[in-house]
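Here is the structure we will look at.
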Protein chains: 2
Amino acid sequence: MRRHHTRLRSASKEVVIGHDRPFCIIGERINPTGRRIFQEQLREGDMSAIERDVAAQVAGGADVLDVNMGVPLTDEAELLSKAVTMIQSLTDLPICIDSSVVEALDAGLAAYQGRALVNSVTAEDDRLAAILPLVKKYDAAIIALPNDHDEIPMESGKRLELVRKIVRVATEEYGIAIEDIVIDPLAMPIGADTTVGNTFFETVSGIRDEFGLNMTCGASNTSFGLPGRHALGAAFLPMAMTAGLTSAIMDARTPQIVEAVKAADLILDHDEWSGNWIAAHRAKQAAAAAVT
Amino acid sequence: MRRHHTRLRSASKEVVIGHDRPFCIIGERINPTGRRIFQEQLREGDMSAIERDVAAQVAGGADVLDVNMGVPLTDEAELLSKAVTMIQSLTDLPICIDSSVVEALDAGLAAYQGRALVNSVTAEDDRLAAILPLVKKYDAAIIALPNDHDEIPMESGKRLELVRKIVRVATEEYGIAIEDIVIDPLAMPIGADTTVGNTFFETVSGIRDEFGLNMTCGASNTSFGLPGRHALGAAFLPMAMTAGLTSAIMDARTPQIVEAVKAADLILDHDEWSGNWIAAHRAKQAAAAAVT
(Lines give C-alpha, C1' and ligand atoms only; values in the text may rest on other atoms or scores of the structure.)
Protein backbone atom coordinates (compact mmCIF):
# COMPACT_ATOMS: atom_id res chain seq x y z
CA MET A 1 0.00 0.00 0.00
CA ARG A 2 1.30 3.40 -0.96
CA ARG A 3 1.50 5.77 2.01
CA HIS A 4 0.50 9.32 1.30
CA HIS A 5 2.02 12.73 1.97
CA THR A 6 -0.28 15.61 2.90
CA ARG A 7 1.23 19.01 2.07
CA LEU A 8 0.21 22.10 4.04
CA ARG A 9 1.60 25.57 3.45
CA SER A 10 1.61 29.05 4.89
CA ALA A 11 2.75 31.91 2.64
CA SER A 12 6.38 30.87 3.15
CA LYS A 13 6.58 27.43 4.78
CA GLU A 14 5.59 23.89 3.84
CA VAL A 15 4.80 21.12 6.32
CA VAL A 16 4.52 17.55 5.04
CA ILE A 17 2.53 14.97 7.03
CA GLY A 18 3.51 11.38 6.27
CA HIS A 19 4.10 7.89 7.65
CA ASP A 20 7.84 8.28 7.03
CA ARG A 21 8.01 11.78 8.52
CA PRO A 22 8.41 13.23 12.00
CA PHE A 23 5.00 13.39 13.69
CA CYS A 24 3.06 16.56 12.88
CA ILE A 25 2.19 18.45 16.07
CA ILE A 26 -0.93 20.59 15.60
CA GLY A 27 -1.24 23.00 18.53
CA GLU A 28 -4.75 22.84 20.04
CA ARG A 29 -4.63 25.97 22.16
CA ILE A 30 -6.28 28.65 20.00
CA ASN A 31 -9.77 27.48 20.90
CA PRO A 32 -12.23 29.20 23.26
CA THR A 33 -14.01 25.93 24.18
CA GLY A 34 -13.87 25.65 27.96
CA ARG A 35 -11.89 28.94 28.30
CA ARG A 36 -14.35 31.44 29.77
CA ILE A 37 -11.99 34.41 29.99
CA PHE A 38 -10.84 33.92 26.39
CA GLN A 39 -14.48 33.76 25.25
CA GLU A 40 -15.22 37.01 27.08
CA GLN A 41 -12.21 38.69 25.49
CA LEU A 42 -13.16 37.52 22.00
CA ARG A 43 -16.70 38.82 22.48
CA GLU A 44 -15.22 42.21 23.33
CA GLY A 45 -12.94 42.10 20.31
CA ASP A 46 -9.81 41.56 22.41
CA MET A 47 -7.59 39.07 20.53
CA SER A 48 -4.43 39.61 22.58
CA ALA A 49 -4.56 36.13 24.13
CA ILE A 50 -3.97 34.70 20.67
CA GLU A 51 -0.56 36.35 20.55
CA ARG A 52 0.53 34.57 23.74
CA ASP A 53 -0.95 31.26 22.58
CA VAL A 54 0.86 31.44 19.25
CA ALA A 55 4.20 32.25 20.93
CA ALA A 56 3.86 29.48 23.54
CA GLN A 57 2.95 26.84 20.96
CA VAL A 58 5.70 27.85 18.53
CA ALA A 59 8.20 27.69 21.42
CA GLY A 60 6.79 24.31 22.48
CA GLY A 61 7.34 22.74 19.08
CA ALA A 62 4.06 23.01 17.16
CA ASP A 63 4.29 22.36 13.41
CA VAL A 64 0.77 23.62 12.60
CA LEU A 65 -1.71 25.67 14.65
CA ASP A 66 -5.39 24.76 14.98
CA VAL A 67 -7.62 27.85 15.07
CA ASN A 68 -11.16 27.64 16.38
CA MET A 69 -13.27 30.74 17.08
CA GLY A 70 -16.50 29.05 18.15
CA VAL A 71 -17.84 31.60 20.64
CA PRO A 72 -21.61 31.59 21.15
CA LEU A 73 -23.40 34.81 20.13
CA THR A 74 -20.60 36.13 17.93
CA ASP A 75 -20.09 36.35 14.18
CA GLU A 76 -17.82 33.31 13.96
CA ALA A 77 -17.02 33.90 10.27
CA GLU A 78 -15.72 37.39 10.98
CA LEU A 79 -13.79 36.31 14.08
CA LEU A 80 -12.17 33.35 12.31
CA SER A 81 -11.20 35.48 9.33
CA LYS A 82 -9.60 38.07 11.59
CA ALA A 83 -7.85 35.43 13.70
CA VAL A 84 -6.38 33.73 10.62
CA THR A 85 -4.99 37.03 9.32
CA MET A 86 -3.60 37.93 12.72
CA ILE A 87 -1.95 34.55 13.28
CA GLN A 88 -0.36 34.64 9.83
CA SER A 89 1.22 37.97 10.79
CA LEU A 90 2.70 36.33 13.89
CA THR A 91 4.04 33.01 12.60
CA ASP A 92 4.87 31.18 9.38
CA LEU A 93 3.34 27.90 10.61
CA PRO A 94 0.47 26.57 8.49
CA ILE A 95 -3.01 26.73 10.03
CA CYS A 96 -5.72 24.17 10.63
CA ILE A 97 -9.02 26.06 10.23
CA ASP A 98 -11.47 24.59 12.72
CA SER A 99 -15.21 25.20 12.73
CA SER A 100 -18.51 23.39 12.52
CA VAL A 101 -20.01 26.39 10.70
CA VAL A 102 -19.63 26.24 6.93
CA GLU A 103 -19.69 30.04 6.51
CA ALA A 104 -16.90 30.39 9.07
CA LEU A 105 -14.75 27.82 7.24
CA ASP A 106 -15.36 29.71 4.00
CA ALA A 107 -14.36 33.04 5.55
CA GLY A 108 -11.30 31.53 7.23
CA LEU A 109 -10.16 29.87 4.01
CA ALA A 110 -10.71 33.10 2.05
CA ALA A 111 -8.47 34.99 4.48
CA TYR A 112 -5.76 32.31 4.55
CA GLN A 113 -2.52 32.61 2.61
CA GLY A 114 -1.30 29.15 1.57
CA ARG A 115 -2.70 25.63 1.76
CA ALA A 116 -4.77 25.05 4.89
CA LEU A 117 -6.04 21.98 6.68
CA VAL A 118 -9.81 22.14 7.27
CA ASN A 119 -11.18 20.71 10.55
CA SER A 120 -13.54 18.92 9.83
CA VAL A 121 -16.14 16.94 7.91
CA THR A 122 -18.03 13.77 8.91
CA ALA A 123 -19.33 10.93 6.74
CA GLU A 124 -22.83 12.47 6.66
CA ASP A 125 -23.99 13.28 3.13
CA ASP A 126 -25.08 16.85 3.88
CA ARG A 127 -21.80 17.69 5.61
CA LEU A 128 -19.76 16.19 2.77
CA ALA A 129 -21.86 18.19 0.26
CA ALA A 130 -21.41 21.42 2.22
CA ILE A 131 -17.71 21.23 3.02
CA LEU A 132 -15.93 19.30 0.26
CA PRO A 133 -16.66 21.94 -2.43
CA LEU A 134 -14.93 24.51 -0.19
CA VAL A 135 -11.94 22.20 0.25
CA LYS A 136 -11.75 21.85 -3.53
CA LYS A 137 -12.29 25.58 -4.21
CA TYR A 138 -9.50 26.70 -1.85
CA ASP A 139 -7.17 23.74 -2.64
CA ALA A 140 -7.04 22.72 1.01
CA ALA A 141 -6.65 19.41 2.83
CA ILE A 142 -9.48 18.05 4.99
CA ILE A 143 -9.80 16.23 8.31
CA ALA A 144 -12.63 13.69 8.07
CA LEU A 145 -14.27 11.88 10.99
CA PRO A 146 -15.71 8.40 10.39
CA ASN A 147 -18.99 9.05 12.16
CA ASP A 148 -22.48 9.35 10.85
CA HIS A 149 -25.68 11.03 12.08
CA ASP A 150 -23.92 12.21 15.23
CA GLU A 151 -23.33 8.62 16.31
CA ILE A 152 -19.78 7.47 16.97
CA PRO A 153 -19.35 3.82 15.95
CA MET A 154 -17.71 1.82 18.73
CA GLU A 155 -16.20 -0.89 16.48
CA SER A 156 -13.19 -0.26 14.30
CA GLY A 157 -14.82 -2.22 11.44
CA LYS A 158 -17.71 0.26 11.26
CA ARG A 159 -15.29 3.21 11.36
CA LEU A 160 -13.32 1.70 8.47
CA GLU A 161 -16.57 1.36 6.49
CA LEU A 162 -17.22 5.06 6.92
CA VAL A 163 -13.64 5.86 5.90
CA ARG A 164 -14.26 3.90 2.68
CA LYS A 165 -17.35 6.02 2.04
CA ILE A 166 -15.54 9.29 2.74
CA VAL A 167 -12.63 8.37 0.45
CA ARG A 168 -14.99 7.33 -2.36
CA VAL A 169 -17.19 10.42 -2.15
CA ALA A 170 -14.30 12.88 -1.72
CA THR A 171 -12.18 11.53 -4.56
CA GLU A 172 -14.89 10.43 -7.04
CA GLU A 173 -17.60 13.03 -6.48
CA TYR A 174 -15.59 16.09 -5.47
CA GLY A 175 -12.24 15.47 -7.15
CA ILE A 176 -10.22 15.75 -3.98
CA ALA A 177 -6.81 14.05 -4.09
CA ILE A 178 -6.61 11.07 -1.73
CA GLU A 179 -3.47 12.44 -0.07
CA ASP A 180 -5.45 15.51 1.01
CA ILE A 181 -7.80 13.42 3.16
CA VAL A 182 -6.61 13.18 6.77
CA ILE A 183 -8.72 10.84 8.89
CA ASP A 184 -9.50 11.51 12.54
CA PRO A 185 -10.00 7.93 13.87
CA LEU A 186 -11.86 9.29 16.94
CA ALA A 187 -9.85 9.28 20.16
CA MET A 188 -12.27 9.08 23.08
CA PRO A 189 -11.97 9.39 26.89
CA ILE A 190 -10.45 6.21 28.31
CA GLY A 191 -11.64 7.05 31.82
CA ALA A 192 -15.25 6.62 30.67
CA ASP A 193 -14.66 3.36 28.78
CA THR A 194 -11.33 1.55 28.99
CA THR A 195 -11.90 -0.34 25.72
CA VAL A 196 -11.73 2.78 23.51
CA GLY A 197 -7.92 2.80 23.42
CA ASN A 198 -7.70 -0.61 21.75
CA THR A 199 -10.51 0.30 19.33
CA PHE A 200 -8.60 3.47 18.42
CA PHE A 201 -5.32 1.63 17.76
CA GLU A 202 -7.13 -1.01 15.65
CA THR A 203 -8.81 1.73 13.63
CA VAL A 204 -5.51 3.55 13.10
CA SER A 205 -3.59 0.51 11.87
CA GLY A 206 -6.56 -0.53 9.75
CA ILE A 207 -6.61 2.85 8.00
CA ARG A 208 -2.84 2.81 7.54
CA ASP A 209 -2.85 -0.69 6.06
CA GLU A 210 -5.91 -0.26 3.80
CA PHE A 211 -5.48 3.34 2.60
CA GLY A 212 -2.03 4.64 3.65
CA LEU A 213 -3.84 7.83 4.66
CA ASN A 214 -2.55 10.33 7.15
CA MET A 215 -4.40 10.60 10.45
CA THR A 216 -4.81 13.08 13.25
CA CYS A 217 -6.90 13.19 16.43
CA GLY A 218 -7.77 15.29 19.43
CA ALA A 219 -5.21 13.63 21.69
CA SER A 220 -6.17 15.36 24.94
CA ASN A 221 -9.60 13.71 24.84
CA THR A 222 -8.12 10.37 25.83
CA SER A 223 -7.08 11.44 29.35
CA PHE A 224 -10.21 13.49 30.07
CA GLY A 225 -11.42 12.98 33.64
CA LEU A 226 -8.36 11.01 34.77
CA PRO A 227 -5.50 12.11 37.04
CA GLY A 228 -1.96 12.29 35.65
CA ARG A 229 -3.06 13.63 32.25
CA HIS A 230 0.44 14.62 31.10
CA ALA A 231 1.82 11.13 31.78
CA LEU A 232 -1.16 9.57 29.98
CA GLY A 233 -0.68 11.86 26.96
CA ALA A 234 3.04 11.06 26.93
CA ALA A 235 2.26 7.31 26.74
CA PHE A 236 -0.77 7.53 24.41
CA LEU A 237 0.90 9.38 21.55
CA PRO A 238 3.92 7.06 21.14
CA MET A 239 1.47 4.12 21.24
CA ALA A 240 -0.76 5.71 18.60
CA MET A 241 2.30 6.51 16.47
CA THR A 242 3.31 2.85 16.61
CA ALA A 243 -0.15 1.95 15.28
CA GLY A 244 0.23 4.52 12.46
CA LEU A 245 -1.03 7.92 13.65
CA THR A 246 0.92 10.63 11.80
CA SER A 247 -0.34 13.80 13.48
CA ALA A 248 -2.35 15.03 16.46
CA ILE A 249 -4.18 18.14 17.56
CA MET A 250 -2.55 18.27 20.94
CA ASP A 251 -1.04 20.13 23.82
CA ALA A 252 2.16 21.61 22.33
CA ARG A 253 2.97 23.51 25.52
CA THR A 254 3.72 20.53 27.79
CA PRO A 255 7.37 19.44 27.43
CA GLN A 256 6.70 15.89 28.71
CA ILE A 257 4.20 15.22 25.92
CA VAL A 258 6.22 16.88 23.13
CA GLU A 259 9.36 15.05 24.29
CA ALA A 260 7.49 11.72 24.17
CA VAL A 261 6.50 12.42 20.56
CA LYS A 262 10.09 13.28 19.64
CA ALA A 263 11.34 10.11 21.36
CA ALA A 264 8.82 8.05 19.38
CA ASP A 265 9.97 9.74 16.14
CA LEU A 266 13.52 8.63 16.91
CA ILE A 267 12.46 5.08 17.83
CA LEU A 268 10.33 4.75 14.64
CA ASP A 269 13.26 5.91 12.47
CA HIS A 270 11.64 9.24 11.56
CA ASP A 271 14.52 11.33 12.90
CA GLU A 272 17.47 11.08 10.54
CA TRP A 273 20.78 10.46 12.34
CA SER A 274 18.83 11.12 15.57
CA GLY A 275 19.48 14.77 14.70
CA ASN A 276 16.32 16.34 16.16
CA TRP A 277 16.60 14.34 19.37
CA ILE A 278 20.24 15.21 19.99
CA ALA A 279 19.72 18.89 19.07
CA ALA A 280 16.76 19.12 21.48
CA HIS A 281 18.85 17.54 24.23
CA ARG A 282 21.68 20.04 23.66
CA ALA A 283 19.24 22.96 23.72
CA LYS A 284 17.83 21.66 27.01
CA GLN A 285 21.31 21.40 28.50
CA ALA A 286 22.20 24.90 27.29
CA ALA A 287 18.99 26.29 28.79
CA ALA A 288 19.70 24.55 32.10
CA ALA A 289 23.27 25.89 32.11
CA ALA A 290 22.02 29.43 31.41
CA VAL A 291 19.73 29.26 34.47
CA THR A 292 22.47 28.21 36.91
CA MET B 1 -4.79 -17.41 18.20
CA ARG B 2 -4.89 -18.31 21.86
CA ARG B 3 -2.77 -16.01 24.01
CA HIS B 4 -0.82 -17.71 26.75
CA HIS B 5 -0.34 -17.09 30.46
CA THR B 6 3.09 -17.73 31.98
CA ARG B 7 2.93 -18.44 35.72
CA LEU B 8 5.89 -17.66 37.96
CA ARG B 9 5.97 -18.24 41.71
CA SER B 10 8.05 -17.59 44.77
CA ALA B 11 7.33 -19.64 47.92
CA SER B 12 4.24 -17.52 48.60
CA LYS B 13 3.39 -15.34 45.58
CA GLU B 14 2.28 -15.96 42.00
CA VAL B 15 2.88 -13.57 39.10
CA VAL B 16 1.04 -14.18 35.80
CA ILE B 17 2.44 -12.76 32.55
CA GLY B 18 -0.15 -12.39 29.80
CA HIS B 19 -1.44 -10.29 26.91
CA ASP B 20 -4.53 -9.38 28.96
CA ARG B 21 -2.56 -8.61 32.13
CA PRO B 22 -0.72 -5.59 33.50
CA PHE B 23 2.80 -5.49 32.07
CA CYS B 24 5.29 -7.58 34.05
CA ILE B 25 8.20 -5.44 35.25
CA ILE B 26 11.34 -7.52 35.79
CA GLY B 27 13.89 -5.47 37.72
CA GLU B 28 17.28 -5.54 35.96
CA ARG B 29 19.44 -4.14 38.74
CA ILE B 30 20.88 -7.22 40.47
CA ASN B 31 23.57 -7.67 37.85
CA PRO B 32 27.26 -6.87 38.22
CA THR B 33 27.77 -6.18 34.48
CA GLY B 34 29.24 -2.69 34.19
CA ARG B 35 29.18 -2.17 38.00
CA ARG B 36 32.82 -2.31 39.10
CA ILE B 37 32.26 -1.70 42.80
CA PHE B 38 29.52 -4.34 42.98
CA GLN B 39 31.84 -6.82 41.23
CA GLU B 40 34.57 -6.09 43.74
CA GLN B 41 32.17 -6.56 46.64
CA LEU B 42 30.89 -9.88 45.28
CA ARG B 43 34.46 -11.12 44.84
CA GLU B 44 35.07 -10.36 48.51
CA GLY B 45 31.86 -12.12 49.55
CA ASP B 46 30.07 -8.85 50.39
CA MET B 47 26.45 -9.16 49.20
CA SER B 48 25.07 -6.15 51.05
CA ALA B 49 24.44 -4.18 47.83
CA ILE B 50 21.83 -6.78 46.90
CA GLU B 51 19.76 -5.79 49.91
CA ARG B 52 19.57 -2.17 48.72
CA ASP B 53 18.87 -3.21 45.12
CA VAL B 54 16.02 -5.47 46.20
CA ALA B 55 14.45 -2.76 48.36
CA ALA B 56 14.75 -0.06 45.66
CA GLN B 57 13.21 -2.26 42.97
CA VAL B 58 10.39 -3.49 45.17
CA ALA B 59 9.63 0.14 46.07
CA GLY B 60 9.83 1.12 42.40
CA GLY B 61 7.21 -1.40 41.33
CA ALA B 62 9.08 -4.51 40.14
CA ASP B 63 6.94 -7.66 39.79
CA VAL B 64 9.89 -10.05 39.34
CA LEU B 65 13.64 -9.61 40.00
CA ASP B 66 16.32 -10.66 37.53
CA VAL B 67 19.41 -12.04 39.29
CA ASN B 68 22.73 -12.29 37.47
CA MET B 69 25.98 -13.09 39.28
CA GLY B 70 28.35 -13.17 36.33
CA VAL B 71 31.56 -11.93 37.92
CA PRO B 72 34.80 -13.04 36.22
CA LEU B 73 37.07 -15.26 38.31
CA THR B 74 34.41 -16.30 40.80
CA ASP B 75 32.41 -19.47 41.31
CA GLU B 76 29.26 -18.20 39.62
CA ALA B 77 27.22 -21.26 40.59
CA GLU B 78 27.95 -20.74 44.27
CA LEU B 79 27.34 -16.99 44.10
CA LEU B 80 24.06 -17.37 42.25
CA SER B 81 22.83 -20.03 44.63
CA LYS B 82 23.66 -17.80 47.63
CA ALA B 83 22.10 -14.74 45.99
CA VAL B 84 18.87 -16.59 45.22
CA THR B 85 18.54 -17.77 48.82
CA MET B 86 19.35 -14.30 50.17
CA ILE B 87 16.88 -12.54 47.88
CA GLN B 88 14.11 -14.98 48.75
CA SER B 89 14.67 -14.08 52.41
CA LEU B 90 14.21 -10.39 51.53
CA THR B 91 11.19 -10.40 49.20
CA ASP B 92 8.34 -12.60 48.02
CA LEU B 93 8.75 -11.55 44.36
CA PRO B 94 9.53 -14.39 41.95
CA ILE B 95 13.04 -14.47 40.49
CA CYS B 96 14.40 -14.58 36.97
CA ILE B 97 17.62 -16.63 37.19
CA ASP B 98 20.06 -15.14 34.71
CA SER B 99 23.29 -16.77 33.57
CA SER B 100 25.10 -17.98 30.48
CA VAL B 101 26.70 -20.75 32.53
CA VAL B 102 24.65 -23.96 32.67
CA GLU B 103 26.08 -25.02 36.05
CA ALA B 104 25.15 -21.66 37.55
CA LEU B 105 21.57 -21.96 36.27
CA ASP B 106 21.39 -25.45 37.78
CA ALA B 107 22.66 -24.25 41.15
CA GLY B 108 20.35 -21.21 41.13
CA LEU B 109 17.33 -23.33 40.25
CA ALA B 110 18.22 -25.89 42.94
CA ALA B 111 18.33 -23.14 45.57
CA TYR B 112 15.10 -21.47 44.38
CA GLN B 113 11.76 -21.95 46.18
CA GLY B 114 8.91 -21.74 43.65
CA ARG B 115 8.63 -21.53 39.87
CA ALA B 116 11.46 -19.47 38.34
CA LEU B 117 11.98 -17.84 34.98
CA VAL B 118 15.31 -18.88 33.41
CA ASN B 119 17.27 -16.27 31.42
CA SER B 120 18.07 -17.53 28.79
CA VAL B 121 18.47 -19.97 25.91
CA THR B 122 19.12 -19.28 22.20
CA ALA B 123 18.01 -21.26 19.13
CA GLU B 124 21.38 -23.04 18.95
CA ASP B 125 21.08 -26.81 19.25
CA ASP B 126 23.76 -27.22 21.91
CA ARG B 127 22.26 -24.48 24.10
CA LEU B 128 18.76 -25.92 23.75
CA ALA B 129 20.11 -29.37 24.66
CA ALA B 130 21.98 -28.03 27.69
CA ILE B 131 19.32 -25.74 29.17
CA LEU B 132 15.88 -27.15 28.31
CA PRO B 133 16.35 -30.32 30.41
CA LEU B 134 17.03 -28.07 33.42
CA VAL B 135 13.90 -26.04 32.70
CA LYS B 136 11.91 -29.28 32.58
CA LYS B 137 13.58 -30.77 35.66
CA TYR B 138 12.88 -27.73 37.85
CA ASP B 139 9.45 -26.95 36.28
CA ALA B 140 10.57 -23.45 35.35
CA ALA B 141 9.69 -21.08 32.49
CA ILE B 142 12.35 -20.06 29.96
CA ILE B 143 13.32 -16.89 28.11
CA ALA B 144 14.42 -17.80 24.57
CA LEU B 145 16.28 -15.55 22.13
CA PRO B 146 15.73 -16.06 18.40
CA ASN B 147 19.38 -15.93 17.46
CA ASP B 148 21.69 -18.60 16.19
CA HIS B 149 25.47 -19.11 16.22
CA ASP B 150 26.00 -15.77 17.96
CA GLU B 151 24.52 -13.91 15.00
CA ILE B 152 21.52 -11.68 15.56
CA PRO B 153 19.20 -11.78 12.53
CA MET B 154 18.33 -8.24 11.39
CA GLU B 155 15.00 -9.15 9.72
CA SER B 156 11.89 -9.99 11.70
CA GLY B 157 11.11 -12.86 9.29
CA LYS B 158 14.34 -14.64 10.20
CA ARG B 159 13.69 -14.09 13.92
CA LEU B 160 10.21 -15.59 13.54
CA GLU B 161 11.75 -18.65 11.83
CA LEU B 162 13.99 -19.18 14.83
CA VAL B 163 11.03 -18.77 17.20
CA ARG B 164 9.28 -21.55 15.25
CA LYS B 165 12.32 -23.77 15.77
CA ILE B 166 12.54 -22.98 19.49
CA VAL B 167 8.83 -23.68 20.04
CA ARG B 168 9.03 -26.95 18.13
CA VAL B 169 12.14 -28.22 19.89
CA ALA B 170 11.06 -27.09 23.37
CA THR B 171 7.55 -28.53 23.20
CA GLU B 172 8.14 -31.67 21.08
CA GLU B 173 11.62 -32.74 22.15
CA TYR B 174 11.72 -31.54 25.76
CA GLY B 175 8.05 -31.58 26.75
CA ILE B 176 7.98 -27.95 27.83
CA ALA B 177 4.52 -26.35 27.84
CA ILE B 178 4.19 -23.64 25.20
CA GLU B 179 3.01 -21.11 27.79
CA ASP B 180 6.31 -21.51 29.62
CA ILE B 181 8.28 -20.18 26.65
CA VAL B 182 8.85 -16.42 26.86
CA ILE B 183 10.51 -14.97 23.76
CA ASP B 184 13.03 -12.13 23.91
CA PRO B 185 12.54 -10.53 20.46
CA LEU B 186 15.94 -8.78 20.75
CA ALA B 187 15.79 -5.08 21.56
CA MET B 188 18.94 -3.43 20.21
CA PRO B 189 20.54 0.03 20.52
CA ILE B 190 18.67 2.50 18.33
CA GLY B 191 21.53 4.99 18.45
CA ALA B 192 23.70 2.56 16.48
CA ASP B 193 21.04 1.70 13.87
CA THR B 194 17.73 3.57 13.74
CA THR B 195 15.96 0.74 11.89
CA VAL B 196 16.12 -1.70 14.83
CA GLY B 197 13.05 -0.22 16.54
CA ASN B 198 10.74 -1.02 13.65
CA THR B 199 12.25 -4.49 13.26
CA PHE B 200 11.64 -5.08 16.96
CA PHE B 201 7.98 -4.01 16.81
CA GLU B 202 7.39 -6.16 13.71
CA THR B 203 8.94 -9.15 15.46
CA VAL B 204 6.84 -8.59 18.58
CA SER B 205 3.51 -8.35 16.75
CA GLY B 206 4.49 -11.28 14.54
CA ILE B 207 5.14 -13.46 17.60
CA ARG B 208 1.92 -12.31 19.27
CA ASP B 209 -0.17 -13.04 16.18
CA GLU B 210 1.43 -16.38 15.26
CA PHE B 211 2.03 -17.92 18.69
CA GLY B 212 0.31 -15.80 21.37
CA LEU B 213 3.50 -16.22 23.38
CA ASN B 214 4.62 -13.90 26.14
CA MET B 215 7.68 -11.77 25.45
CA THR B 216 10.28 -9.87 27.41
CA CYS B 217 13.39 -7.90 26.47
CA GLY B 218 16.29 -5.96 27.87
CA ALA B 219 14.59 -2.59 27.49
CA SER B 220 17.51 -0.38 28.52
CA ASN B 221 19.53 -1.59 25.51
CA THR B 222 17.42 0.50 23.15
CA SER B 223 18.60 3.87 24.47
CA PHE B 224 22.26 2.86 24.89
CA GLY B 225 24.63 5.65 23.80
CA LEU B 226 21.87 8.27 23.40
CA PRO B 227 21.06 11.28 25.59
CA GLY B 228 17.70 11.45 27.36
CA ARG B 229 17.60 7.74 28.16
CA HIS B 230 14.71 7.95 30.65
CA ALA B 231 12.48 9.75 28.13
CA LEU B 232 13.40 7.19 25.45
CA GLY B 233 12.62 4.30 27.80
CA ALA B 234 9.32 5.94 28.75
CA ALA B 235 8.32 6.12 25.05
CA PHE B 236 9.77 2.77 23.96
CA LEU B 237 7.93 0.56 26.43
CA PRO B 238 4.38 1.85 25.72
CA MET B 239 5.16 1.45 21.99
CA ALA B 240 6.42 -2.11 22.49
CA MET B 241 3.36 -2.91 24.63
CA THR B 242 1.11 -1.70 21.81
CA ALA B 243 2.90 -4.14 19.49
CA GLY B 244 2.38 -6.96 22.04
CA LEU B 245 5.32 -7.04 24.47
CA THR B 246 4.06 -8.38 27.81
CA SER B 247 7.12 -7.96 30.04
CA ALA B 248 10.56 -6.33 30.16
CA ILE B 249 13.77 -6.68 32.08
CA MET B 250 14.04 -2.99 32.84
CA ASP B 251 14.90 -0.15 35.12
CA ALA B 252 12.31 -0.41 37.90
CA ARG B 253 13.88 2.41 39.88
CA THR B 254 13.07 5.30 37.49
CA PRO B 255 9.56 6.67 38.16
CA GLN B 256 9.21 8.18 34.65
CA ILE B 257 9.66 4.76 33.01
CA VAL B 258 7.50 2.81 35.47
CA GLU B 259 4.76 5.47 35.21
CA ALA B 260 4.82 5.19 31.41
CA VAL B 261 4.28 1.43 31.67
CA LYS B 262 1.37 1.93 34.09
CA ALA B 263 -0.15 4.54 31.77
CA ALA B 264 0.11 2.12 28.85
CA ASP B 265 -1.54 -0.61 30.97
CA LEU B 266 -4.48 1.72 31.52
CA ILE B 267 -4.69 2.75 27.86
CA LEU B 268 -4.57 -0.92 26.71
CA ASP B 269 -7.39 -1.84 29.12
CA HIS B 270 -5.12 -3.94 31.38
CA ASP B 271 -5.95 -1.92 34.50
CA GLU B 272 -9.47 -2.78 35.66
CA TRP B 273 -11.55 0.31 36.56
CA SER B 274 -8.27 2.28 36.19
CA GLY B 275 -7.67 1.09 39.74
CA ASN B 276 -3.88 0.82 39.70
CA TRP B 277 -3.49 4.17 37.94
CA ILE B 278 -5.75 6.05 40.35
CA ALA B 279 -4.22 4.34 43.42
CA ALA B 280 -0.71 5.25 42.25
CA HIS B 281 -1.79 8.85 41.70
CA ARG B 282 -3.27 9.04 45.21
CA ALA B 283 -0.11 7.55 46.74
CA LYS B 284 1.96 10.16 44.87
CA GLN B 285 -0.25 12.97 46.16
CA ALA B 286 -0.07 11.59 49.71
CA ALA B 287 3.72 11.37 49.50
CA ALA B 288 3.93 14.95 48.20
CA ALA B 289 1.63 16.16 51.00
CA ALA B 290 3.76 14.35 53.62
CA VAL B 291 6.89 16.20 52.40
CA THR B 292 5.41 19.69 52.62
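Model, not experiment: these values are computed from the prediction. In what follows, every chain begins at residue 1, and chains take the letters A, B, ... in the order their sequences are listed.
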Close approach to chain A in residues 231-241 of chain B, criterion heavy atom under 4.5 Å: Ala231(B), Leu232(B), Ala235(B), Phe236(B), Pro238(B), Met239(B)
Anything under 3.5 Å between chain A and chain B that's a donor-acceptor pair? List each one with its distance, please.
from      : atom 1 : to        : atom 2 : distance (Å)
Thr194(A) : OG1    : Asp269(B) : OD1    : 2.6
Asn198(A) : ND2    : Leu268(B) : O      : 3.0
Pro227(A) : O      : Trp277(B) : NE1    : 2.8
Leu268(A) : O      : Asn198(B) : ND2    : 3.0
Asp269(A) : OD1    : Thr194(B) : OG1    : 2.6
Trp277(A) : NE1    : Pro227(B) : O      : 2.8

Candidate pair Leu226(A) and Leu266(B), rule side-chain contact (heavy atoms from CB on, under 4.5 Å), full reasoning: CA-CA 11 Å; Leu226(A) 285 167; Leu266(B) 169 60; 3.9 Å; yes
Closest non-hydrogen atom pair between Val64(B) and Cys96(B), with its separation: CG1-N, 3.9 Å
Proximity breakdown for Ala260(A) and chain B, heavy-atom pairs closer than 4.5 Å: backbone
Side chains of Leu117(A) and Pro94(A) in contact at under 4.5 Å (non-hydrogen atoms): no
Heavy-atom pair with the smallest gap, counting every atom of Pro146(A) and Ala144(A): CD-O, 3.9 Å
Ala62(B) versus Gly27(B), closest heavy-atom pair with distance: CB-N, 4.2 Å
When Ala264(A), Pro227(A), Gly191(A) are compared by non-hydrogen pairs under 4.5 Å with chain B, the top option: Pro227(A)
Qualifying residue, where the test is side chain to side chain contact (heavy atoms under 4.5 Å, CB included) with Ile143(B) and the options are Ile181(B), Ile183(B), Ile249(B): Ile249(B)
Approximate separation, where rounding is to 0.5 Å, of Cys24(B) SG and Met215(B) CE: 13.5 Å
Trace of the side-chain contact (heavy atoms from CB on, under 4.5 Å) decision for Phe200(B) with Leu245(B): CA-CA 10 Å; Phe200(B) 181 78; Leu245(B) 194 75; 4.1 Å; yes
Residue among Gly197(A), Ala243(A), Gly228(A) with most heavy-atom pairs under 4.5 Å to chain B: Gly228(A)
Point-to-point distance, once rounded to the nearest 0.5 Å, from CG of Leu8(B) to CD1 of Ile26(B): 7.5 Å
Chain B interface, residue from Ile190(A), Val196(A), Leu268(A) that has the most non-hydrogen pairs under 4.5 Å: Leu268(A)
Heavy-atom side-chain proximity of Leu93(B) to Val15(B) below 4.5 angstrom: no
